[in-house]
Amino acid sequence: MKLLVTGGAGYIGAVVAQRLLADGHTVEILDNLTTGHANMDLPGAVWHRGEIADAGQVLDSSFDGVVHLAAKSLVGESVQHPERYWHGNIVASLQLIDAIRAAGVERLVFSSTAAVYGEPGVEKITEDIPTRPTNPYGASKLAIDHMLTAEAAAHGLAAVSLRYFNVAGASGALRERHDPETHLIPNLLKVARGEAAEAKIFGTDYPTRDGTAIRDYIHVVDLADAHVRALEAAEAGRHAIYNLGTGTGTSVREVIEAVREVTGEDVPAAEQPRRPGDPAVLVASGDLAAAELGWKPQRDIREMVADAWAALQ
Ligand code: UDP
């Protein structure tokens with residue numbers, strides 16, 4: 001297939017593009033490089049530096065599909081400056097959808113998020129539970145999901161939304177490089193490397209097995225595999241939605257333990273109050289993606305930490 005990957009200079013986008021190239025697809029990348037990195041090592045990809053709003057200048061009928069990962073994705077910023085998320089995510093994605101329709105491109109895979117569910121308080125999150133985002137970031141992704149449902153019904157787009165849980169790990173040298181870095185595993189690895197004195201545990205009074213928050217961590221290579229399957233499975237006129245997680249929860253303390261084992265470093269961690277807005281438990285049911293995409297994540301938390309660690313060395 002000939003594919004446009006928006007956000008291909010980002011962490012997940014680059015790994016998805018790498019996998020698509022390895023599978024023999026033609027890959028063009030559209031990225032404005034505000035948070036992405038121009039030096040992602042993706043031999044064979046054609047680069048377009050620009051806004052997703054201008055996707056119409058790149059897309060034409062020779063494209064078979066679009067994988068849309070470009071987005072603003074900082075929860076805290078979305079609370080402080082929601083307008084950036086309405087413009088950067090909702091309006092820009094609408095312009096992309098307009099360009100897809102105008103060019104007659106048939107399929108779209110969209111990177112959505114577990115943040116659309118808010119704090120559901122269920123043991124495993126299935127796709128049919130109510131969506132109640134608790135911040136503008138999650139709300140903006142949900143709005144785009146709604147647009148895709150309507151677009152598929154009205155104009156026949158083959159659309160798939162993938163709702164990521166906590167993505168981690170690396171693919172070779174392709175790794176997470178956020179600034180500021182808010183995510184747990186990269187911050188723990190900074191401590192292991194001696195770049196920070198101690199890690200922070202946000203909340204030790206959650207109603208969980210060890211008092212710390214539980215998340216469903218998913219290896220970025222497994223995640224990329226789901227995108228390939230979604231592109232192949234997309235059906236005209238249907239908007240399919242899948243949660244992407246392993247179905248297994250890992251607590252903050254368990255992640256720290258895995259980092260200590262993999263790195264052999266002490267990784268001192270200070271107990272801090274909860275970070276506002278962080279739910280106790282978020283774990284996906286991967287049943288629908290397994291049934292409809294034949295997707296089964298293969299890599300556990302240890303492998304995520306080990307691959308992220310290796311990519312840093
Ligand atoms: N967390 C933590 N210390 C950190 C960063 C995160 O204890 O330095 C916790 C955070 O409160 C959450 C979990 O680790 O419970 C995962 O946070 P992350 O920011 O990686 O992803 P999120 O679940 O917020 O998308």
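When a ligand or atom number is given, it counts from 1 through the structure's own listing order.
- Closer than 4.0 angstrom to ligand 1 by heavy atom are Asn166, Thr182, His183, Leu184, Asn187, Lys200, Ile201, Phe202, Ala213, Arg215, Tyr217, Val252, Arg275, Asp278, sorted by chain and number.
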What side-chain donor-acceptor pairs closer than 3.5 Å can you find for residues 52-59, not counting sequence neighbours?
none

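- No hydrogens or angles considered: nothing links the side chains of Asn89 and Tyr137 as a donor-acceptor pair under 3.5 Å.
- Shown here are the salt bridge (Lys or Arg N to Asp or Glu O under 4.0 Å) partners of Glu195, two or more places apart in sequence or in another chain: Arg193.
- Glu181 and Asn187 share no side-chain donor-acceptor pair at under 3.5 Å.
- We find the CZ-OG1 distance between Phe202 and Thr212 to be 13.0 Å, quoted to the nearest 0.5 Å.
- Note on residues 60-76: pairs passing salt bridge (charged side-chain N to carboxylate O under 4.0 Å, His left out), not counting sequence neighbours, are Lys72-Glu77.
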